[in-house]
Number of protein chains: 2
Amino acid sequence: MKLSGTVLDLDMADYSVSLDPSYSMLEFDSLRVLSVGSDVLMPDPAPQAAVTNEMGALCSICEDRATGKHYGAASCDGCKGFFRRSVRKNHVYTCRFSRQCVVDKDKRNQCRYCRLRKCFRAGMKKDAVQNERDRISNRRPGWEEAHSLSLSILLQAEAMAHQFSAPLLPGADITSKKFASVTDVCESMKQQLLLLVEWAKHIPAFCKLPLDDRVALLRAHAGEHLILGVARRSLPYDDILLLGNDFVILMSGPDPEVSRVATRILDELVRPLRELDITDSEFACLKTIIFFDPDCPGVEQCLVVKQLRFQAQVLLEDSSSERRGRFGELLLLLPPLQSVAWQMVEQLQLARMVGAAQVDSLLQEMLLGGGIGSRGAIPEYSQPGPPRPLPREPVRANMMLPSNLTSVIHPVPSSSVDRPLSPLPTGSEIYEQDHARILAGSAQILPVTLIPKQEIL
Amino acid sequence: MKLSGTVLDLDMADYSVSLDPSYSMLEFDSLRVLSVGSDVLMPDPAPQAAVTNEMGALCSICEDRATGKHYGAASCDGCKGFFRRSVRKNHVYTCRFSRQCVVDKDKRNQCRYCRLRKCFRAGMKKDAVQNERDRISNRRPGWEEAHSLSLSILLQAEAMAHQFSAPLLPGADITSKKFASVTDVCESMKQQLLLLVEWAKHIPAFCKLPLDDRVALLRAHAGEHLILGVARRSLPYDDILLLGNDFVILMSGPDPEVSRVATRILDELVRPLRELDITDSEFACLKTIIFFDPDCPGVEQCLVVKQLRFQAQVLLEDSSSERRGRFGELLLLLPPLQSVAWQMVEQLQLARMVGAAQVDSLLQEMLLGGGIGSRGAIPEYSQPGPPRPLPREPVRANMMLPSNLTSVIHPVPSSSVDRPLSPLPTGSEIYEQDHARILAGSAQILPVTLIPKQEIL
DNA sequence: ATATATAGGTCAAAGGTCTT
DNA sequence: CAAGACCTTTGACCTATATA
């Protein structure tokens, strides 16, 4: 391996500074075992580099010239030998930095931990080492799909949603905002739920799903999306939740139940998000991960959904790998988010029961998990109950005919997706599109009720 | 990348290398390239010596015994190391005399300028020196404080818990197991909860927390630990949940509510865990992540808990980083786990209300979130309700005096932690230890009720 | 049978370690 | 910090074997 001397000098300066003989206390890798947990039946971890290489046969680990496929990945002899030695001797490596070392032809020997990890990620299988010669993988790689996500798609969908929202940092005095009444809160929720539908429609993979699945996905985690949205919107402020319609919720509000939920949102979500200083990409990925829930009741194409969540999850890992532990911290926001969302939904149930809230049919359907007035707010024995606000029985679309949701769920025309930089449709345009589509008969299910124009935004 | 530089070595000797008034390393190179040397100081003592030496065994710089060819010249380890260090650190030497110093085995260290110049003259190439590599030895860093987690601690605690459990793969016929009655299920839960307490006591960082925090942590996610435990225990089987006391729950059980929860456990947890083929390390980390919940209501040292969860989370990342996406998939099991656990807790509430289950006081306290009979099972407005089975108000230890939990929560003696390979204490030993500790007055809170011996295991 | 792909092995010459 | 005796790792090149 030949190294150019000119690069060396610069690298040396960096290294001599950053080298530290003391290890972080978080490095406990001496106990990490390589020999366990190998073959998994998961969706193929997107063999990105090896496949997309222009047949130039580049090593998918270090981009040196590859000598063929070795242990499952196109690789050079160096990476091949390195992987074999590592697996054979059950080596345990330690990254002295933050596990983000660049692994290329010049620097591949600088961090064995990151090199080995990249070997695994490039698709090398440790079972291919030392075991009896396995058959050459006769799997066909041609499983490319339009069922895929990308960061740009997600950011685009996100940008669309923000177009409709109040600007995040208007400079306007936050204290001038009005305190939200219960009606204001419900109105905001409704707006945000419609935005969620629009957001989803901008994800092509979502639009390819069957209608029943689309409905089920939209319903399953609506509450979490509302909470996540308000938490993100409230990031710049202290002790204040900013609703989508520019109202605010204070900690010291009149309703102790509302304050309790609000406090949890601030403590368990806003503060961690602020400390992490979440980026737009990370937010978009997180939202998508929540959205594509393979365990969502009633979803038929759950393997596709699982694959989509997997992609989103890996996108998040990539986006958040700048700091060690960041990815995990982001994912660990999901359980409290789920918990808070359920608490909010239950309060909405109660408020509706005592007549304090006028629950719109869309709210009813997406948050309270049932048709209008068809379900009690208090859990009954015949229903899974509040820990699972949505019924676990398959949701048939025909059961939901008298619903607003199906009327707003149709995909956006592909032209709207294909022109990312063009102005996004306004609320009325969306309405008109849907309306036209429905009238043209492209909808399989006739909506009984159309949401009035002014409510769509 | 093959180096074919060995042939060039002799050519290098042909260059008449001259020295410039400036003494930088670069001078050696540039002069060699330009080959415009003006003042040739002295004929090389033996330009062909390296080649004509018997067996080529002499260092062409200092005539010491050569250990092979290094950087293009037969050389000893001393000159090899000297050359590498000089190039790596870009050292600039100065000759204090007239750049005519003799460089041999005895005097090679007397003038580094002349030694390095002779290295170049002997044919050593700067480009052959590579970038600094990764360290070879993984020596122990300092073991740091006790407020930290390590994989070995977690695996040890886990091993302890398994010691008390039925073997995972007994080879016994699974069909011979008895179907669990409601009483059996409650009994198993109770055993597992006691094991959870013992598990926690084997984590030093947990033992250092205040008593109130320990109680709160144990209560907060007890249901999830039960579900996680039964899911792991059931990994080898199909459509069967294996309880800790060797009873089984079938999908086709009599109680449709039980079957519903069981089905969710199998679909949303057992199957993904099986597909992932979760390792012991990963399981231990996941359990710890669930356990150390910084949002846990009533926890005072939440920053410490947050730090502990962070460590566990990073440990999991390390343990699962060999496959892309694996870490995320493991963490994404937590929301469904939380959901299923709450569904189970609610069923337990209902079963207790209708008198179908005899709920032990420990179950009551750890799962149902209240003192014995002090709380209703159906959510009331005064309580946050089922989405949060535990009250969010701080749990004061003195409110829990008439409790079994505080009596079993005291840390294990450190000796038990320090001897990982020694036989673990039996149930009665645990009981005796606690009993002795309590009687000795080390407990700050006097337990009112002690759990009978036979119930501790 | 021959060509190809990918497994395994070898060892010079890189690397790092660690006492002096 | 530098030196150098001593040990480990790398990877270019080679052979072996299964599949087409």
Side-chain angles (χ1 to χ4, degrees), chain A residues 1-3 5 8 15-16 19 21 50 57 59 61-62 64-89 91 93-94 96 103 105-112 115-116 119 123-138, chain B residues 1-6 9 56 59 61-62 64-89 91 93 103 105-112 115-116 119 123-139:
Chain A
M1 193 48 238
K2 173 171 178 141
L3 290 179
L8 178 116
Y15 258 90
S16 54
L19 270 183
C59 172
I61 291 99
C62 71
D64 195 354
R65 226 183 81 82
T67 60
K69 283 183 72 175
H70 301 291
Y71 313 113
S75 50
C76 62
D77 272 335
C79 290
K80 167 197 166 189
F82 169 76
F83 186 79
R84 182 178 61 230
R85 285 190 298 268
S86 298
V87 171
R88 286 257 178 82
K89 302 205 243 174
H91 269 317
Y93 302 130
T94 305
R96 292 174 294 151
V103 180
K105 187 164 83 69
D106 290 331
K107 295 188 271 297
R108 64 188 177 199
N109 279 322
Q110 288 181 2
C111 179
R112 292 176 294 169
R115 188 185 193 182
L116 181 59
C119 285
M124 282 192 173
K125 299 282 187 290
K126 73 174 185 311
D127 285 348
V129 176
Q130 197 173 16
N131 280 8
E132 58 175 344
R133 273 171 215 276
D134 237 333
R135 303 175 54 248
I136 298 177
S137 62
N138 44 1
Chain B
M1 304 294 288
K2 159 89 173 172
L3 269 187
S4 56
T6 51
D9 303 333
C59 171
I61 291 98
C62 71
D64 194 357
R65 229 174 72 92
T67 61
K69 290 181 72 170
H70 302 292
Y71 311 112
S75 51
C76 65
D77 270 334
C79 291
K80 166 196 168 190
F82 170 77
F83 187 77
R84 180 177 62 229
R85 282 191 294 270
S86 299
V87 171
R88 283 260 182 82
K89 297 173 144 345
H91 273 316
Y93 304 127
V103 180
K105 184 179 184 314
D106 293 330
K107 298 187 268 302
R108 64 189 177 197
N109 281 323
Q110 289 181 1
C111 180
R112 291 186 283 183
R115 187 184 192 183
L116 182 59
C119 284
M124 283 194 173
K125 303 245 312 175
K126 195 171 89 169
D127 287 350
V129 176
Q130 300 176 358
N131 268 324
E132 186 177 6
R133 286 188 184 173
D134 200 5
R135 293 217 151 93
I136 292 181
S137 70
N138 9 351
R139 287 180 305 227

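Because the structure is predicted, anything quoted here is derived from the model rather than measured. In the text below, chain A, chain B and the rest are named by the order of the sequence lines, each starting its count at 1.
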Quick one: pull up CD in B/Glu132 and NZ in A/Lys107 and give me the separation to the nearest 0.5 Å.
-> 14.0 Å
Find the distance between NZ (B/Lys126) and CG (B/Leu116) and round it off to the nearest 0.5 Å.
-> 10.0 Å
Contact summary for A/Asp64 and A/Cys76, nearest pair of heavy atoms = CB-CB, 4.1 Å
Determine: side-chain N/O of B/Arg85 to OP1/OP2 of D/dA3, distance under 4.0 Å, yes or no.
-> yes
For A/Phe83, which residues count as a ring pair (Phe, Tyr, Trp, His ring centres under 6.0 Å) partner, sequence neighbours excluded?
-> A/Tyr71, A/Phe120
Identify the two heavy atoms, one from A/His91 and one from A/Arg85, that lie closest to each other, and give their separation to 0.1 Å.
-> CD2-O, 4.0 Å
Spacing of B/Gln110 atom CD relative to D/dA3 atom P, expressed in whole Å = 13 Å
So B/Val129 and B/Arg88, side-chain contact (heavy atoms from CB on, under 4.5 Å) or not? Walk me through it.
-> CA-CA 7 Å; B/Val129 176; B/Arg88 283 260 182 82; 3.9 Å; yes
Between D/dT8 atom P and A/Arg88 atom CZ, what is the distance in whole Å?
-> 18 Å
Between D/dA5 atom P and B/Phe82 atom CZ, what is the distance in whole Å?
-> 15 Å
Donor-acceptor pair (no angle test) under 3.5 Å: A/Arg84 side chain, C/dG9 base | yes
With sequence neighbours left out, what residues match B/Asn109 under side chain to side chain donor-acceptor pair (under 3.5 Å)?
-> B/Arg115
Would you indicate what A/Gly81 reaches in the nucleic acid, counting non-hydrogen atoms under 4.0 angstrom: base, sugar-phosphate, or nothing?
-> nothing
Starting from P on D/dC1, measure out to CZ on B/Arg112 and report it in whole angstrom.
-> 13 Å
Minimum side-chain heavy-atom gap B/Asn131-A/Gln110 below 4.5 Å | yes
NA contact type, B/Arg108, heavy-atom cut-off 4.0 Å: base, sugar-phosphate, or nothing?
-> sugar-phosphate
Think B/Tyr71 has a side-chain N or O under 4.0 angstrom from the OP1 or OP2 of C/dA12?
-> no
Minimum-distance nucleotide (side-chain atoms of B/Lys80 versus D/dC6, D/dA2, C/dT6) | D/dC6
Rounded to whole angstrom units, what separation is found between the CG atom of A/Asp77 and the P atom of C/dA5?
-> 15 Å
Is B/Asn109 touching bases, backbone alone, or none of the nucleic acid, heavy atoms closer than 4.0 Å?
-> sugar-phosphate
Stems for DNA chain C (at least 3 consecutive Watson-Crick or G-U pairs, under 3.5 Å) come to C:2-20 with D:2-20
Indicate, with a heavy-atom threshold strictly under 4.0 Å, whether B/Lys105 touches base, sugar-phosphate, or nothing.
-> nothing
Among the nucleotides D/dA2, C/dA13, C/dG8, whichever has the atom closest to the side chain of B/Lys69 is C/dA13
B/Arg115 side-chain N/O to D/dG4 phosphate OP1/OP2 under 4.0 Å = yes
Figure out the NZ/C1' separation between A/Lys89 and D/dC7, and round it to whole Å.
-> 11 Å
Nearest-Å distance for atom pair OH/P, residues A/Tyr93 and D/dT9 = 7 Å
How many Å lie between CG on A/Asp106 and C1' on C/dG15, as a whole number?
-> 16 Å
OP1, OP2 of D/dA2 versus side-chain N and O of B/His91: anything below 4.0 Å?
-> yes
